[in-house]
Each structure stands twice: as C-alpha cells, then as structure tokens.
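Below: the structure, in structure tokens.
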Amino acid sequence: MCGIIGVVGGGSLAKQLTDGLRRLEYRGYDSAGIVITLPGGEMQRMRAANGKNSLADLESESQSLASADILSGIGHTRWATHGGPTLPNAHPHYDCSERLAVIQNGIVENFAELKGQLIERGHSFTSETDTEVISHLLEEEMNTGITLLEAVKIASHRMRGAMSFVAISLDAPGVLIGFKRMAPMILGTNGKQWFIASDIPAILDQASTFYHLEDDSVVSVSKDGVEVFAEDGTRAEMTEFIVDWTLESAEKAGFEDFMSKEIFEQPAALRDTLAGRLRSSGEIELDETSISNDALARINKVFIVACGTSYHAGMVAKYAIEHWTKMPVELDISSEFRYRDPVVDERTLVVAVSQSGETLDTLAALHEAKNLGAQTIAVCNVVGSSMARLADSVLYTRAGPEVGVAATKTHTAQIGALLLLALKLSRIKGQLYPNEIDDIYHELVEIPGKIEEVLEKWDFIRSVAQVFSERDRFYFIGRHVGFPVALEGALKLKEISYLPAEGYPAGELKHGPIAMLDKNAVVIAMASKTRLFEKIVSNIEEVRARDSAVIVIGNHGSESIIKEGEYFIEVPQVHPLLAPLVDVVPLQIFAYHMARIHGEDVDRPRNLAKTVTVE
Ligand code: F6R
C-alpha cells in the first residue's frame with residue numbers, strides 16, 4: 001500500500017524523505033517519488049518506477065540534492081491501484097501549472113466523474129491515477145485566489161472514498177497541507193521540523209513527538225507549527241501519543257530476514273500480550289474501553305470480522321467464545337460483512353481483528369457495525385490505529401512492529417488476545433467460575449514456553465521441507481481448532497512460496513478434495529491429542545490410501561501413527577482450545593523454509609502488501 005512522508009522546516013530534506021520511504025518499504029511499492037521546494041520559487045520532482053529497485057534509483061538521483069537548502073518536501077511509495085506501475089503514474093502528481101504537487105494513499109472513488117469534468121474545463125492529465133484529480137481540483141480552487149489550505153478544505157468535500165493526501169504549492173513553499181479520511185496519517189516533530197506520514201516507522205528516528213489526526217481533518221504544517229481543522233472548517237485538536245517502538249526493534253536483529261526474526265519473537269510477543277491482563281478477581285482488562293461490563297452482560301451474540309490471517313485468529317476465537325460463553329458467534333470476512341445485511345443490533349458485540357488496524361475492509365465493517373448500533377471492540381497491534389480509535393473498546397496485541405508481510409507473531413498474539421476476550425465474556429456471562437478462568441489464564445501464560453520448544457525444531461522442519469520441496473501441491477487438514485490452523489498453514493505457504501496449498505476440515509476431504517490426492521500431493525495433518533484424535537487418524541489413513549505423502553503435527557506419544565517415509569513434527573500438548581498457539585508455529589516455519597529453498601523473498605512476497613488500505 002502507498003506510503004507517505006512530508007517534511008517542513010529546512011535542512012537536508014531529500015535524504016530524510018528517502019530514508020522515511022525506506023522504512024515504509026514493508027507496505028509494498030512498485031514506484032517511488034519526491035517533490036521538494038527550494039528558496040527562489042523552484043519545485044523539483046524526482047520519480048522512479050522500477051519495481052523494488054525504485055527506491056534505490058530515487059536515492060541515487062536525489063544525491064544531487066544532498067547539499068541543497070530545501071524548504072519542504074513530500075515523498076511517496078506507490079502500490080498501483082489506478083493505472084499500472086509506470087513512471088507517469090508515480091507520485092507526486094502535478095497540476096497543469098506544475099506549481100502544485102500531491103501524494104495520496106487511498107482511492108478517490110469518484111475520480112472518473114471528476115476527471116471528466118476537469119478535462120471539459122480544460123485541464124490536461126499526464127497519468128491514469130485518481131491522485132492527479134486532486135492536484136487539478138486544488139489548482140482550480142486556488143485559481144479563484146484562495147490559499148492551498150482553503151482549497152483543500154473545499155476540494156475534500158468533492159471527493160468520495162477513503163484517502164489521505166498531502167499537497168505542496170509554490171505559493172507557500174514552506175507549508176504542507178494534509179487531509180485524512182479513513183486512511184492513516186500521523187504528524188510528528190523534532191522541535192525544528194514537522195513531519196506528516198502514513199505511519200510511524202517513516203518518521204520514527206526523525207521525530208520525537210507524535211500526533212494523531214481525526215478523520216476528515218485538514219492540517220496545515222509549517223516550521224512554526226501546525227493548525228488542524230475539522231470537517232466543518234472549525235479549528236480542531238490533534239492528540240499526542242507515545243511511541244515506544246525503537247528503530248532497533250524494527251530492524252532484523254541478526255536474523256536473515258524479518259519473517260524469521262518475527263517467528264522467533266512469538267514467545268515474547270505473546271507474553272507481552274497476556275501480561276498483567278488478569279486481575280485477581282478474575283476480571284480481564286481491556287486497554288481502552290467505553291463498554292461497561294453491564295453492557296457486555298446484555299450481549300447475546302458475538303460477530304467477528306477480519307481478513308486473511310486475522311480471520312483465522314478470529315476463527316479460533318469462535319470455538320473458544322462459543323465453548324466458554326455459550327453465546328452464538330458469527331464470523332465474517334470483512335469484505336463480505338458490509339455488503340450482506342448482517343443481523344446485528346445493539347445486543348451484538350462486533351469484534352474487528354486486524355494487525356494494522358487500518359485494513360480498509362475491516363475498518364469499513366467496523367463502521368457498518370457501529371451504524372447498526374452494535375457494541376464494538378478492535379483487537380489490533382498498532383496503537384492509535386484507525387480501528388483502535390473507532391471501536392468502543394480496544395484490546396492491543398502488543399506484538400511490536402511486524403515488518404514481514406506474512407503475519408506470524410501478530411497472529412499468535414491475536415489468538416492470545418482473543419482468548420482473553422473469550423474468558424472475559426465467559427466471566428461476565430457467568431459461564432466460567434473465577435477459578436476456572438484463573439486456571440486457563442495460567443495455562444495460557446505457559447504457552448510462550450511451549451512455543452520456544454517448537455522453535456527448537458527449526459532445523460528439523462527445514463529438513464522436512466527439503467524432502468518435499470519438489471512436490472507441487474500441499475493440503476493442510478485439521479478438525480475443530482485444527483481447521484483454522486490448517487487454513488493458516490496453507491495461507492502462509494501460498495503467500496511466500498507461491499505453491500498451491502489448501503486448508504480443509506479433515507472430515508470434508510471425502511466430500512471432494514480427496515479427488516486431488518495422488519502420489520504428488522503432500523498432506524499435512526494437524527493431529528494434536530483432542531477428543532477428535534481418532535478421527536484425524538482415520539483421515540490420515542484415507543490420505544495414505546491415495547499414495548500422498550504425510551506430515552503429522554502431533555503430541556508426544558503419537559509418533560506411532562506415522563508409517564515409513566512419513567514425518568512427525570512433535571509439538572507440546574496443551575489445552576485443546578489453546579493448541580492453535582503452538583500448532584501453527586511449525587506450519588509458519590515449514591512455509592518459511594519452503595520459500596527459502598525456492599529462493600523467494602520471504603519478507604516481500606510478490607503481489608502482497610502489509611497493510612491493505614484499499615477495497
Ligand atoms: C497474511 C496476512 C494478511 C493479513 C490481512 C489482514 O500473512 O498478513 O492476510 O492478515 O491482510 O491484515 P490486518 O490484520 O492488518 O487487518
């Protein structure tokens with residue numbers, strides 16, 4: 001997804017811009033660009049559209065500005081949405097006069113209509129992007145004699161969609177104007193300079209104080225400070241927030257890549273997520289809440305909305321909440337929820353699960369849930385993210401920054417947080433006694449140690465991946481909470497190794513997927529000891545009878561279920577509802593090694609972005 005940075009306040013800004021863009025690499029990009037203003041009324045634009053080399057190209061081109069005295073600048077990494085990843089489509093985008101430039105993250109939904117009108121009125125466009133519409137709209141407003149700030153206030157009302165953008169103009173080169181609507185945008189300062197950015201890492205080492213903006217804010221940033229305006233044009237506030245992430249924590253810390261580092265960070269991430277959340281009374285604390293326990297007691301249904309890996313965490317939560325609270329739990333892919341008339345009312349608790357807290361589909365689902373009158377909770381990793389601010393309550397996963405595009409530590413942290421929520425609800429509903437909650441919580445806090453045991457199997461799992469590295473199809477099967485684990489294992493393998501992989505409930509094999517099994521297929525079976533153990537063993541027999549290779553993920557004592565030529569990866573036995581926290585780890589490691597064996601870039605898989613802020 002697109003990354004944004006803007007700096008005002010003088011100095012060697014070009015490097016600050018490209019350094020900031022480097023730290024946004026994890027958002028995915030296919031082109032990059034900057035615009036800077038120089039004293040004397042000059043604006044210079046540099047852009048590169050060379051896939052993952054775009055930033056390197058931009059860095060070398062902008063060397064020429066190293067000693068230039070720059071007033072202000074904006075920078076952008078683009079992940080193509082409207083128009084291909086070409087140079088003309090790379091941001092920043094000029095107006096006709098080339099005195100004004102804009103960068104955007106998001107989509108101007110009515111851009112085609114606006115573009116048609118602008119062309120009729122004589123504007124000429126050089127790109128296929130929706131962003132260029134913003135430049136021309138602002139130009140048109142400024143031609144009436146108003147400032148860029150006033151132009152942004154007016155033009156923002158003419159555009160529909162979730163977007164944040166920053167504009168810069170030669171009329172006031174020391175000022176940046178930003179607009180935020182349902183796409184991330186923060187401000188920061190180091191006392192001398194001010195920054196606008198799409199997210200924290202871009203300015204983490206450059207700013208010391210950070211601020212959030214509300215949706216529909218217009219912000220004017222100069223070296224002297226900031227003015228914020230609400231949707232109706234009146235002065236508004238920004239909110240300071242504390243960033244306790246260090247740059248070091250966003251670096252690889254000796255690992256070859258972020259994904260392996262983050263897989264190994266799981267015990268610590270989960271410990272942090274669980275730490276101090278249980279009161280001696282059996283009460284579990286949410287981070288920020290405006291939902292009283294009385295209101296939660298009136299809830300008669302839970303609805304979980306999420307995408308991708310977060311959805312799989314939500315699926316585990318469905319099993320736990322239904323078992324521990326006896327309340328029905330519905331689960332929806334966020335992009336389905338908002339378009340299908342979900343049955344939600346003020347007695348429904350809608351839980352939005354999202355690492356970033358910015359995924360547009362989930363954010364929109366959360367908006368929809370609020371419109372329908374539901375009580376809402378966001379489970380997310382990024383403090384102060386859009387979802388965290390929109391929901392009535394927040395439960396943060398405290399996993400720290402996750403740079404690898406494939407979610408790992410945030411997934412196990414999500415499951416941990418959701419299990420806490422399930423326990424909280426069960427206590428409020430009176431379905432579990434405080435001592436039962438206490439027991440499960442204490443089993444939960446033992447899980448990070450169990451994950452450490454699985455991490456010790458790193459090399460063994462690599463050898464298993466090596467054995468099957470030439471196979472072309474992988475099927476992950478599981479039952480009960482083993483099913484979401486199977487889905488997650490398949491998703492991890494697909495997204496970083498590009499091998500065909502599917503997850504199935506094991507009992508469903510015989511209803512179709514078994515037709516795909518032959519001697520080229522590999523089946524990975526989740527076979528932890530639960531009351532369904534015997535059934536999964538029967539499913540493994542079905543697989544064997546079709547000559548497919550078998551890898552079993554199981555507990556100590558179950559080794560005998562494998563036959564010659566098959567592989568057994570042992571994971572510690574834990575409470576069945578907590579097992580996904582442990583059982584998913586060998587699947588992450590398997591996917592990681594398979595991708596490395598195939599020579600793939602595990603941190604930046606093709607076609608994927610870390611945060612998907614478009615629909
Ligand atoms: C997979 C992955 C994605 C995300 C999905 C939701 O490894 O990372 O499937 O889980 O895009 O993102 P968040 O959790 O930020 O809402």
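Just so it is clear, the values below take in all heavy atoms, side chains as well, and ignore hydrogens, waters and symmetry mates. All of these numbers come straight from a predicted model, not from anything done at the bench. Counting starts at 1 for both ligands and their atoms, following the listed order.
- Residues passing the ring-ring contact (aromatic ring centres under 6.0 Å, His included) test with Tyr592 are Trp458, sequence neighbours excluded.
- Two rings, from Phe264 and Phe255, have their centers less than 6.0 Å apart.
- Between Lys370 and Asp392, at least one side-chain nitrogen of the basic residue sits less than 4.0 Å from a carboxylate oxygen of the acidic one, meeting the salt-bridge criterion.
- For an aromatic pair to be called close, the ring centres must be under 6.0 Å apart, and Tyr567 with Phe468 satisfies this.
- Residues satisfying the ring-ring contact (aromatic ring centres under 6.0 Å, His included) test with Tyr319, not counting sequence neighbours, are His480.
- For Phe590, there are no ring-ring contact (aromatic ring centres under 6.0 Å, His included) partners two or more places apart in sequence or in a different chain.
- Within 4.0 Å of ligand 1, heavy atoms belong to protein residues Cys307, Gly308, Thr309, Ser310, Ser354, Gln355, Ser356, Thr359, Val405, Ala406, Ala407, Lys492, Glu495.
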